[in-house]
Undergrad: 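Below is one structure. I have some questions about it.
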Amino acid sequence: MTGKERTMTNGGFEKGRNTLKKRCPAKQYGISCQGMSQCSVAQGIRIPLAEDRRIFTPIDRSSYAWEKAYRRRTAAERVNSRLDCTFGLEKHTIRGEQKMRVRCGLALCVMLAMAVGRIKANQAEKMRSLVA
């Protein structure tokens with residue numbers, strides 16, 4: 001063993017086994033490793049999702065698909081935060097689901113209208129801003 005630690009590479013998700021595959025980076029990228037003959041994980045490892053479902057998900061955290069999904073999630077959270085804080089939907093006195101749906105719809109329409117207005121005014125960089 002050389003003692004040098006490297007991050008295991010993503011090998012994908014095995015649906016039948018419900019496991020994540022991790023591969024040896026030296027083998028995957030063609031790096032020469034002196035300890036490969038003694039290495040216990042040179043062929044790769046399988047991590048069952050049941051190990052810790054909060055950490056091990058079908059989409060590996062080191063993959064591009066995870067980054068894309070996480071960007072979508074954070075964008076949705078920003079919209080939710082704006083609805084709560086800026087448009088006052090967190091502390092409201094509205095009674096009834098239908099009235100609340102109307103208010104949420106109006107708030108989203110206002111957000112979209114402001115974005116369209118900024119684009120038409122050639123201020124695309126300020127598209128997400130609520131203030132002038």
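Everything numeric in this text was worked out from a predicted model, so none of it was measured.
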Undergrad: Are the side chain of Thr86 and the backbone N or O of Leu83 linked by a donor-acceptor pair below 3.5 Å?
TA: no
Undergrad: Spell out, yes or no, whether Tyr70 and Ile59 are grouped together once hydrophobic residues are joined by side-chain heavy atoms under 4.5 Å, including indirect joins.
TA: yes
Undergrad: What's the shortest heavy-atom distance between Cys24 and Thr9, and which atoms?
TA: O-OG1, 4.4 Å
Undergrad: Among residues at least two apart in sequence or on other chains, which ones pass salt bridge (charged side-chain N to carboxylate O under 4.0 Å, His left out) with Arg46?
TA: Glu14
Undergrad: Walk me through whether Met100 and Arg95 qualify under side chain to side chain contact (heavy atoms under 4.5 Å, CB included).
TA: CA-CA 7 Å; Met100 193 64 187; Arg95 305 270 301 179; over 6 Å; no
Undergrad: Just by distance, do the side chain of Arg118 and the backbone of Lys126 share a donor-acceptor pair under 3.5 Å?
TA: yes
Undergrad: Please lay out, stage by stage, how Leu49 and Leu20 fare under the test side chain to side chain contact (heavy atoms under 4.5 Å, CB included).
TA: CA-CA 7 Å; Leu49 296 186; Leu20 281 177; 4.1 Å; yes
Undergrad: For the residue pair Thr57 and Trp66, what are the closest heavy atoms and their distance?
TA: OG1-CZ3, 3.4 Å
Undergrad: If you take all heavy atoms of Leu89 and Cys104, which pair is closest and at what distance?
TA: CD1-SG, 3.6 Å
Undergrad: Glu97: what forms a salt bridge (charged side-chain N to carboxylate O under 4.0 Å, His left out) with it, not counting sequence neighbours?
TA: Arg101
Undergrad: Please name all residues satisfying side chain to side chain contact (heavy atoms under 4.5 Å, CB included) with Met127, sequence neighbours left out, ordered by chain then number.
TA: Ala115, Ile119
Undergrad: Any chance you could lay out the side chain to side chain contact (heavy atoms under 4.5 Å, CB included) test for Cys85 and Lys91, step after step, and finish with the verdict?
TA: CA-CA 9 Å; Cys85 301; Lys91 296 178 182 177; over 6 Å; no
Undergrad: Please step through side chain to side chain contact (heavy atoms under 4.5 Å, CB included) for the pair Arg23 and Asn10, ending with a clear verdict.
TA: CA-CA 6 Å; Arg23 294 191 174 137; Asn10 180 21; over 6 Å; no
Undergrad: Any non-hydrogen side-chain atom of Asn18 less than 4.5 Å from a side-chain atom of Phe13?
TA: yes
Undergrad: Go through the structure and list residues passing salt bridge (charged side-chain N to carboxylate O under 4.0 Å, His left out) with Lys21, not counting sequence neighbours.
TA: none
Undergrad: I'd like to know whether CD of Glu125 has more than 12 heavy-atom contacts from other residues, nucleotides or ligands below 6.0 angstrom.
TA: yes
Undergrad: Are Lys22 and Ser62 packed together at the side-chain level, in the sense that at least one heavy-atom pair is separated by less than 4.5 angstrom?
TA: yes
Undergrad: Count I, L, V, M, F, W, Y as connected when their side-chain heavy atoms are under 4.5 Å apart, and connections chain through other members. Are Ile94 and Leu108 then in the same cluster?
TA: yes
Undergrad: Any link between Val110 and Val79 through a network of hydrophobic side chains (Ile, Leu, Val, Met, Phe, Trp, Tyr) touching at under 4.5 Å?
TA: yes
Undergrad: For Val116, enumerate each residue passing the side chain to side chain contact (heavy atoms under 4.5 Å, CB included) test, keeping only those at least two apart in sequence or located in another chain.
TA: Lys120
Undergrad: Closest approach of Arg103 and Phe87, non-hydrogen atoms and distance?
TA: NH2-O, 3.4 Å
Undergrad: Tell me every residue that passes side chain to side chain contact (heavy atoms under 4.5 Å, CB included) with Asn80, counting only those two or more places apart in sequence or in another chain.
TA: Glu77
